[in-house]
Protein chains: 2
Amino acid sequence: MPGPIQSLSRAAAIMRLLAGGERRLGLSEVSTALGLAKGTAHGILRTLQQEGFVEQDPESGKYQLGAELLRLGQSYLDVHELRARALVWADDLARAAGETVYLGVLHQQGVLIVHHVFRPDDTRQVLEVGSMQPLHSTALGKVLVAYDPVARGELGDGPYESYTVHTLTEAVDVDAECALIRERGWSDSIEETWEGVASIGALIQDRRRNPVGSVCISGPVERVCEDGFVKPSLVASVRSAARAISRDLGAGRF
Amino acid sequence: MPGPIQSLSRAAAIMRLLAGGERRLGLSEVSTALGLAKGTAHGILRTLQQEGFVEQDPESGKYQLGAELLRLGQSYLDVHELRARALVWADDLARAAGETVYLGVLHQQGVLIVHHVFRPDDTRQVLEVGSMQPLHSTALGKVLVAYDPVARGELGDGPYESYTVHTLTEAVDVDAECALIRERGWSDSIEETWEGVASIGALIQDRRRNPVGSVCISGPVERVCEDGFVKPSLVASVRSAARAISRDLGAGRF
DNA sequence: GACAGGCGGTCGACATTGTCGACCGCAGTG
DNA sequence: CACTGCGGTCGACAATGTCGACCGCCTGTC
């Protein structure tokens, strides 16, 4: 039976729909958005609700995602081998560099943040674990595109969305940048996604040299850069952290 | 069609199974654990994999939870109204009390942590958003049991699991404690779950006075307590934070 | 190095199962 | 006070997911 299970695919589509829309959605909205009969959508929603994946506002009757998803997402992090091995290295990197550290893996057409170390001694920050960043405009993403053919495939041919005046929106430009990244072994992104923010990324590989994720530091451009280029000392820190994590992944495999 | 969709319930059971077991599970393990035919389990797993809810280790063929769950769990937090309104108050409470702050909601037979503010100026801490705490032995849980009949129902009649010598394991003891909690309007838990840890909790209500969650501070017993009782000043801080959040929830409803 | 045992994965027949579209009661609205 | 929209239900139908036997592969073993 090499076909996907219809009801499951539909349930997944419904949850993605609920995740996308900011506000809660009604039964009719869901069914029309996905082209399903109202009864069908209701059956799926009712089951998802029983399982805790979806909650219903008792007043309006509208649906939103449920708490069970949060719990399962946490379990995903617990099992995640890359994340487990990277925890301590990411902490060290944040302390050494004095900047925010992100750890990401390829997921669909973006980079999913699986770990986030706050900048040491700084004010209120929002945890971004579980959020996505674009592939073509971030240090985390570009280093994956450079080394992982799957990531390059997910990126497509563009043109890509533009976030600032520095964003590379054409495939040829990104590919040229990726060649450079492969040559020197690290990536950067200076105000390509957010104004005033620069980052430096490096690849994490498993023991067979397969790319499995990336690590980066991110901070205000005036602290991360010097004379228009990222500081070499920070590059060295990031690369050595990436190597350390890769070595860790290669070493133990229970 | 007032019956749950079979394949969906089974898929949910599989995901919960994968979340429970620490390590990755093989196809046969999954199918026997749930009493499913191997072909059936495989079909569900294949679909879940396509949707990103489950990942397969290409080497061993074993399955684990997928990244999409993390992303959807994050979306759940984004929509969560209680959490959104409580963010700033929780921060203030942590700063005023100088201790860790948790925000929880009832989920199944436990309290799901939906927000976690680290203790100010302290060493490395693990984020516990998405994890569960017991109902009968924590300040977060007991205040829910005291005010929310649903939570009391989920708790059951015991005896409950014992974590330390202070854990209340009998229903009558918990119910007596809950009466006290209702009388004075706040809950505490002194080394009932973890040795050396004490917490103070209070209820959060929506605008119709329905219990929707709870907030607590948690810290070393020697800082939170005095002469064997929790410090009144900390109790006042927690209660005022809970009132502020409740007021916020009642005020705006877009 | 042939064998056995376990694995993940496939196949096709069967009937269970999910799907569909019409229908219901209710709430808000002009 | 009809009317329109909502969430939810119902029952017939057949498409759908389920089952258990089977396949090829790898691994460990004697």
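Below, read A as the first sequence line, B as the second, and so on, with proteins coming before strands; counting in each chain starts at 1.
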- Task: Nearest whole angstrom, please: distance from the C1' of dT16(D) to the CZ of R46(B).
- Result: 14 Å

- Within residues 7-17 of chain A, the residues having a heavy atom closer than 4.0 Å to DNA chain C are S7(A), R10(A)

- Task: Verify whether the ring centers belonging to H136(A) and Y163(A) lie closer than 6.0 Å.
- Result: yes

- Rounded to whole angstroms, how far apart are CG on L27(A) and P on dC20(C)? 13 Å

- Nearest heavy-atom neighbours spanning L155(A) and V174(A): CD2-CG1, 3.9 Å

- Nearest whole angstrom, please: distance from the C1' of dA15(C) to the CD of Q6(B). 12 Å

- Please check the phosphate of dC6(D) (OP1 and OP2 only) for any side-chain N or O of Y63(A) closer than 4.0 Å. no

- Item | Distance-minimising heavy-atom pair for V212(B) and L82(B) | O-CD2, 3.8 Å

- Message: Please check if the number of heavy atoms outside W186(A) that lie under 6.0 Å from its CH2 is greater than 12.
- Response: yes

- Is any side-chain nitrogen or oxygen of Q56(B) closer than 4.0 Å to OP1 or OP2 of dG9(C)? yes

- Query: Separation of L25(A) atom CG from dC6(D) atom P, in whole Å?
  - Reply: 13 Å

Identify each atom pair where a protein N or O and an N or O of nucleotides 21-26 of chain C are less than 3.5 Å apart, giving names and distance.
none

- For K62(A) and dG5(D), what is the distance between atoms NZ and P respectively, to the nearest whole Å? 14 Å

- Task: Verify, without hydrogens or angle tests, whether T47(B) (side chain) and P4(A) (backbone) share a donor-acceptor contact under 3.5 angstrom.
- Result: no

- Round to a whole Å and report the spacing from CG of D57(B) to P of dG8(C). 12 Å

- Query: If only atom types and distance count, is the side chain of R182(A) paired as donor or acceptor with the main-chain N or O of A146(A) below 3.5 Å?
  - Reply: yes

- Item | Minimum heavy-atom distance S199(B)-C216(B), with the two atoms named | CB-SG, 4.4 Å

- Query: Under the 3.5 angstrom rule, does the side chain of E55(A) hit a backbone N or O of A67(A) as a donor-acceptor pair?
  - Reply: yes

- Any donor-acceptor N/O pair, Q109(B) side chain to E154(B) backbone, under 3.5 Å: no

- Does any non-hydrogen side-chain atom of Q133(A) lie less than 4.5 Å from one of T193(A)? no

- Item | Five-pair end axes of the helix from dT17(C)-dA14(D) to dG30(C)-dC1(D), angle between them (10°) | 0°

- Item | Non-hydrogen atoms of V105(A) and V114(A) that approach each other most closely | CG2-CG1, 3.9 Å

- Interatomic distance, H42(B) NE2 vs dG9(C) P [rounded to whole Å]: 5 Å

- Query: What's the CD-P distance between E29(B) and dG9(C), to the nearest Å?
  - Reply: 13 Å

